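One structure below.
Quick note: numbers below take in every heavy atom, side chains included, and nothing from hydrogens, waters or symmetry partners. In this text, all values refer to a predicted model and were calculated from it rather than measured experimentally. In what follows, residues are counted from 1 in the order of the sequence shown.
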Amino acid sequence: VRSPLNPAQSGMNPNHLPPIELRHLSPVQAGIGISILKRLDRINSLRRQNAHLLMDLIANYQFITLPKIPAGSQPVFLRLPIIVKDKVCSDRLFQLLSKLGIGVSRSYTRSLPDIFSNHNSTAPSSFPGAQHLAEGMQLIGPPEEEDGHLSARTGEALQHQPRPLVESED
């Protein structure tokens, strides 16, 4: 089955995609770029530091899975991805973090088998891993806060409201 959404399947060679040219930046654009570039190492360092603080806080909660970081790597963590054990816990945690003003978003709202169910004869429920990610993955951030409030508020949310989060209707 050919997908009109995939350029390779619509006849375009993926090795010869149209070139994207960056012409000239305006002085304002260049200034913004230089300003960000000068702060990039500091911003990335704060993101890593806050992500590790959050992971330390979250590590003891059995209903949350944290990313495994390969030795020698230094992820930037634009957002900290977590996977919550089930939809009920995920929904409750999402509502609680949002209520406390902690930036949280869903990574996926539907799984790919669910999105493309019209083109797939297999039921979306046949892909439990994809369904689990769609229901449970959340992104916490913005992790570049300097004052430590993000990790403190997240820790407070988990410590003061654990019962409603872990009780799920299995």
Side-chain angles (χ1 to χ4, degrees), residues 3 5-6 32 35-170:
S3 168
L5 304 175
N6 185 339
I32 291 170
S35 170
I36 292 170
L37 189 57
K38 286 179 182 177
R39 296 178 289 132
L40 187 59
D41 288 338
R42 184 169 172 273
I43 290 169
N44 287 342
S45 177
L46 283 169
R47 287 177 176 159
R48 279 191 285 274
Q49 179 182 353
N50 285 335
H52 288 289
L53 285 171
L54 285 170
M55 288 191 288
D56 289 345
L57 285 169
I58 293 171
N60 294 323
Y61 291 90
Q62 301 300 314
F63 63 96
I64 298 175
T65 301
L66 294 168
K68 305 218 181 329
I69 303 169
S73 68
Q74 290 190 342
V76 173
F77 292 111
L78 296 174
R79 303 255 184 226
L80 176 65
I82 63 169
I83 302 172
V84 183
K85 77 171 185 167
D86 62 41
K87 183 167 177 30
V88 172
C89 284
S90 181
D91 290 346
R92 288 177 180 165
L93 180 61
F94 185 88
Q95 289 171 0
L96 178 62
L97 293 175
S98 296
K99 182 178 176 182
L100 291 172
I102 297 168
V104 61
S105 61
R106 301 270 187 193
S107 185
Y108 305 104
T109 55
R110 296 170 54 196
S111 67
L112 287 176
D114 184 34
I115 292 169
F116 294 105
S117 60
N118 294 350
H119 303 289
N120 186 356
S121 60
T122 308
S125 60
S126 299
F127 302 93
Q131 191 65 37
H132 176 66
L133 283 177
E135 292 174 351
M137 185 174 278
Q138 296 182 22
L139 304 172
I140 300 176
E144 66 268 6
E145 286 188 16
E146 293 187 57
D147 55 15
H149 283 37
L150 175 67
S151 57
R153 287 181 308 194
T154 304
E156 178 183 321
L158 293 169
Q159 290 172 6
H160 289 64
Q161 298 285 336
R163 295 288 285 155
L165 293 174
V166 296
E167 293 173 0
S168 68
E169 303 155 14
D170 290 324

Quick one: does any side-chain atom of Ser90 pair with a main-chain N or O of Val84 as donor and acceptor, under 3.5 Å? no
Just verifying a value: how many Å separate Ile43 CD1 and Leu46 CG, rounded to the nearest 0.5 Å? 8.0 Å
Main-chain N/O of Val104 paired with Gln138 side-chain donor or acceptor, under 3.5 Å: no
Taking only distance into account, with no hydrogens and no angle test, what donor-acceptor pairs under 3.5 Å do side-chain atoms of residues 68-78 form with protein atoms, sequence neighbours excluded?
unit_1	atom_1	unit_2	atom_2	d
Ser73	OG	Pro70	O	2.7

Flag the pair Asp86 and Arg92 as a salt bridge only when some basic side-chain nitrogen lies within less than 4.0 angstrom of an acidic carboxylate oxygen. no
With heavy-atom distances below 4.5 Å as the criterion, would you say the side chains of Leu93 and Ile82 are in contact? yes
Let me confirm one number: the OG-CG distance from Ser105 to Leu97, rounded to the nearest 0.5 Å. 11.0 Å
Which residues share a salt bridge (Lys or Arg N to Asp or Glu O under 4.0 Å) with Arg39, sequence neighbours left out: none
Is any side-chain heavy atom of Leu53 closer than 4.5 Å to one of Asn50? yes
Does any non-hydrogen side-chain atom of Ile64 lie less than 4.5 Å from one of Met55? no
Inter-residue atom distance Arg48.CZ - His52.NE2, 0.5 Å rounding: 7.5 Å
When rounded to the nearest 0.5 angstrom, what distance separates CD1 in Ile140 from CZ in Phe94? 11.0 Å
Listed partners of Asp56 passing salt bridge (Lys or Arg N to Asp or Glu O under 4.0 Å), at least two apart: none
Over all atoms of both residues, closest heavy-atom pair of Pro67 and Leu80: CG-CD1, 4.1 Å
Can you name the nearest heavy-atom pair linking Pro81 to Arg79, along with the distance? CD-O, 3.2 Å
